[in-house]
Every structure is written in structure tokens, then in C-alpha cells.
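Small disclaimer: the values here were computed from a predicted structure and weren't measured. Every chain is numbered from 1 and lettered A, B, ... according to where its sequence line falls, protein lines coming before strand lines.
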2 protein chains.
Amino acid sequence: MKEIRSEANPDNSLPIGVFDSGLGGLTVVNAIRQCLPREKILYLGDNARVPYGTRSGATVERYARNCSEFLLNQRLKMLVVACNTVSAVALPAIRRMTAIPVLGVIEAGVRAVSISNAYRVGIIGTAGTILSDAYLQKIAEVNPDIEVYQEPTPLLVPLVEEGWLEGEITEAIIAQYLEPMVADEIQVLLLGCTHYPLLLKPIRKVLHLLGNRAAVIDSATCMAIDVENMIREKDLGAPDSATGGLSCFITDLPVSFQEVASRFLGETLTDITQVDIS
Amino acid sequence: MKEIRSEANPDNSLPIGVFDSGLGGLTVVNAIRQCLPREKILYLGDNARVPYGTRSGATVERYARNCSEFLLNQRLKMLVVACNTVSAVALPAIRRMTAIPVLGVIEAGVRAVSISNAYRVGIIGTAGTILSDAYLQKIAEVNPDIEVYQEPTPLLVPLVEEGWLEGEITEAIIAQYLEPMVADEIQVLLLGCTHYPLLLKPIRKVLHLLGNRAAVIDSATCMAIDVENMIREKDLGAPDSATGGLSCFITDLPVSFQEVASRFLGETLTDITQVDIS
């Protein structure tokens, strides 16, 4: 049966491409590798131009095309947009560039919200993601009765990159951001940024301290589930003999790269190439 | 006398060019306009590629050349590099591009430290600025007996951009960063980033609470003093009849632009043009 599938679909040994504006998407790669260890992954982090969240829509779309073109030129079976800002603004433009499945992190998060059956949902993300209202609109399409409470939380990305993943200051910043949502009695909190899974512990702690029992949904895990479902649906799984792997492309190589990348990925990156995609 | 100067130096009605990786350099523009209200200023903020502080040295130099080339093409009498990261890494490269005076914000800060006669000096800045050791080296050249205590403070830029310019969280973050320097009994604290003048008040408060009496030197004020001195030295002052002015070029136009820009400049920006310099 597996050999037949392999013959029927010659693309199943091709890699999955994943990109993000920086290194946050490595939390998505980490989650995909946990679920699908035999898949080969090509990751592109456009860290020379990070962050996308504060750019205009036109600039984000141009950057997203650069990233997609670079990865599509490597031949892929699936393209995963781990960047919330790009998913909010440029997914239709990317889908026009290719026939392979293109999965966006926002759709993955919205699907998880829908499955949760919550009707009061909080969403946090960068200013760009929240101000785009992309989550709000997608959730309204799926279920217009869900009430959405959004909050831009721009300090959380630098907090993660600084490595302040716990402690009083981190909790105080999170509490400052979450207090209005807790007053609105949210039942689910969706973390709409790939950096935020690293703050899961203090976010859960703060919600608990504020007396809220909302489930916390992180987009890295949602994205991995979506990738797994799409692979099953399209019969695109890597052959049983495949051993998987991760190759990482970045557009800049700052001094702290290895330290920050390992924090997101949960392991040390070995196969790294610096590229120019602009 | 003034007319003779005007004839002897036809360049004195040309503008002063100022650039930074983003909008922080508008604190320098603000300080220059306070000192020299008759000067015309062209400001370039490369906010499509901000922040420079986390990029590699080679990337920073390339970006710095783009910025300098754009401004030099407008004809200037002086070029002011308000960006600490560029001043740390790319000043010699910029000076090779032009014969007009090129002033860097690091040299301005070091001069102010030198004048203060302090021998235990603390410096805070972005990771890029601090890890470059540029302040350390320049201070050692001026006076090798000064002991320098450096600390990268990467959360302060996002804190300023979020507009959290006072309050408990802001003070707690500043205290976390300054405590080791206070233990080292610094006598002067140099703010090595153009964003930080907006945090002068909480920084002074935290130093006081920690029992330290260090003088706080901000680079925007130092830079304005250096510009004034250079204008006097080279006899480049605008004619008495000049009314000054500010034209602002930016490489991206995000939604929050006006709000953030006005916070740095202390007034509303009117003459804004979006340009592509890459």
C-alpha cells in the first residue's frame, strides 16, 4: 500500500517549505517535527528585514513574494506561512504563485478556535496582525456569533528575544495586556504570534492569577495539526524509509543567532545558509 | 560681516542631512532645531529596515551606504549619523563617500563623557551598539583611565515605541538593567541610543531610587552640541534671514507612523515623503 502511494505521488519525498519574517517560525518547525519526524523541512527566516509587523501592507506583500519565490524555487510539496503578518495580508498573493498547498498560520488558529466551541475568544499578536483584523474576519466567516477581544502586545516579541521568559517583569507586562480580556471573561486565548509559545507558562500563570480559566491555544501547535491533516488528505506523507531533516536559510547572520534560534527550535541548528532574497 | 561670510561660503544655505535606522533620530533633529532654529534639515528614517541593531556588520554598512547616498544626492553642507549602530560600524565607509563633514552620534557622546571628567562611566544601548564595543574603544582612545561599564538594553526601544514612557513596569525594566552598573558606582550614565531620551525621566528616577547620583547624558543633546560646534568651526551657519525647516523621508509608512514620529520630534511632522533607497 505504501509503495503504491509512493508511485502514485512522486512528490511525497519533496520537502515542506516554512517561512517567517524572523526566527519565531522555528516554533512551528519544532511542532511539525514533533508530529511528522520523517518530513524534510526547508525553513527560511527573513531576519534581515524582521519585523514585518510594523511594515505597511504593500511592503509585507513584497517581502512575502520574495520569501515564497525563494522557497518555491527549491521544489516543495507544501508551503507553510508561519508568519502571522504575512498570513494576514498576503496569502491570496502567494496562492496565485503556486499550485501546491499553501497553509497560513491564521487559518490554523481560527480552525482551532472553531473546534474549541468557545464563544468569547481573546487574541493577542503584533500590532500589524491585530490592526489587520485578519483573525476577527476569519472567525466571523466561520461563526459570526463568536465574540472576539483583540489586543496588540508588541512588547512580547522583544521580551522573548531578550530571553526573559519568566519572572515578575514578564508577568507584569503580560498582566497589563491581558487584564481587559479577563474582564471580558474570555474562554479561549489564541496566541497569534509564533514567538508567543515560549511565553505559554507565564501566560497561563497570569490568567490563573487573574482568576480566568481560558484555554490557551498556540499557533505553532495549530499549524502542525493543519500540516498533518493536509498531508493525510493529499496523501503527501514522506516514505516510511525517510529520516527527515531540517535545512535553514536566513537573510542575515547576527551574533546572537544560534542562541535565539535554539531557544525557538528546542535544539541546536546545524544546517544554516545565509541567502539574499530581496 | 555676515554678508561677507555668505559670499565666502556659498554652501551655508544648504540643508543638514540627518539619518537613522528608524524614527529615533528625530530626537536628534528635535535637539538640533532647538539649538539652531534657522537651519534646514533633511531627515531620512530607514524604517522599512529598522532595527539595524540586530543586523550583522556587513548588512549595517550596506544600509548605511544606501542612506548616505540618498541624502548626499540632495546636496548637503553636513551629514549627521544619528544611528548608534551605523556610527559604531560604518562611519569610515561613509566618510570615504563625501568631502562634507560627517558627524557620528558615538563621537558626540564620547566627547560629552570626556568633558564630564567622570572616571566610572556606564553606557546602555542596543545589543548591536554595545557588542560592537565602539563606545568602549573611543573612550579608551580619549582617556584610557576611564572605566566603562556597558549593558545592552534591548527592551527599551520597544518600550518607547509602545509609548510606555513611565510607570511601574518601565521602571522595573530599567532597574533590572541598571542595577549592576549602580553596584559599580558609575558617575555618568550615557544613553547610547536615540530612543532613550524619551526615558530620561524614569531613568533618573530609578538611579535615584537605587541610591546613585550619576549624571545622565543623552546622545541627542550631545549630537546637537557637536553640530553647533562644527557649524561655528567651519563657518557654515545658515544666513540670518533663513527660517529653517524640516523635510522628512521615510522608507515605509506604517499606520502608527505619525503618532510615534510626533512623540520623538515633540511636534507634528508635516513634510513627509516615502522613498525607496535600497
Side-chain angles (χ1 to χ4, degrees), chain A residues 22-23 45-60 62-63 66 85 89 126-133 151-164 167-177 195 250-257 259-260 274 276 278, chain B residues 22-23 45-60 62-63 66 85 89 126-133 151-164 167-177 195 250-257 259-260 274 276 278:
Chain A
L23 304 180
D46 188 13
N47 57 338
R49 303 192 291 197
V50 73
Y52 285 9
T54 50
R55 318 284 180 212
S56 66
T59 300
V60 171
R62 182 160 54 88
Y63 290 179
N66 295 152
T85 309
V89 173
T126 64
T129 300
I130 298 302
L131 294 174
S132 76
D133 277 342
E151 185 74 35
T153 51
L155 278 171
L156 300 192
V157 165
L159 208 53
V160 167
E161 299 204 334
E162 177 71 320
W164 291 13
E168 276 179 35
I169 291 173
T170 300
E171 288 167 17
I173 292 172
I174 292 169
Q176 174 98 347
Y177 284 136
H195 276 64
I250 51 176
T251 54
D252 196 17
L253 189 56
V255 277
S256 59
F257 173 76
E259 184 195 332
V260 177
Q274 190 179 345
D276 184 1
S278 61
Chain B
L23 305 180
D46 187 13
N47 58 337
R49 303 192 291 195
V50 72
Y52 286 6
T54 51
R55 318 284 181 214
S56 65
T59 300
V60 170
R62 181 160 54 88
Y63 290 179
N66 295 150
T85 308
V89 174
T126 64
T129 300
I130 298 302
L131 293 175
S132 75
D133 277 341
E151 185 74 37
T153 52
L155 278 171
L156 300 191
V157 165
L159 208 56
V160 167
E161 299 205 334
E162 176 72 321
W164 292 13
E168 275 178 35
I169 291 173
T170 300
E171 289 167 17
I173 292 172
I174 292 169
Q176 174 98 348
Y177 284 136
H195 276 64
I250 50 175
T251 54
D252 195 18
L253 190 56
V255 278
S256 59
F257 172 75
E259 183 194 334
V260 177
Q274 191 180 344
D276 184 0
S278 61

**OP:** Would you mind checking which part of A:V50 comes under 4.5 Å of any heavy atom in chain B, side chain (CB onward), backbone (N, CA, C, O), both or neither?
**Re:** both
**OP:** Check A:E162 against B:P154 and note the closest heavy-atom contact, atom names and distance.
**Re:** OE1-CG, 3.0 Å
Subject >> Closest-packed option against chain B by number of heavy-atom pairs under 4.5 Å, given A:A127, A:A48, A:A58, A:P152 >> reply: A:A48
Subject >> Under 4.5 Å from a heavy atom of chain A, the part of B:Y63 involved >> reply: side chain
Subject >> Side chain, backbone, both or neither of A:Q176 within contact of chain B (heavy atoms, under 4.5 Å) >> reply: side chain
**OP:** Using side chain to side chain donor-acceptor pair (under 3.5 Å) as the criterion, list what pairs up with B:T59, not counting sequence neighbours.
**Re:** A:D252, B:S56
Original post:
Is chain B contacted by the side chain of A:F257, its backbone, both, or neither, given a heavy-atom distance below 4.5 Å?
Top reply: neither
Original post:
Any idea which of B:L131, B:L253, B:I169 has the most non-hydrogen atom pairs under 4.5 angstrom with chain A?
Top reply: B:I169
Original post:
How many angstroms lie between atom CG of A:L159 and atom CD1 of B:I173, to the nearest 0.5 angstrom?
Top reply: 7.0 Å
Subject >> Pairs of heavy atoms under 4.5 Å with chain A: top-ranked of B:T251, B:N47, B:L155, B:V157 >> reply: B:L155
**OP:** Taking all non-hydrogen atoms of both residues into account, name the closest pair between B:R49 and A:R55 and its distance.
**Re:** N-NH1, 3.7 Å
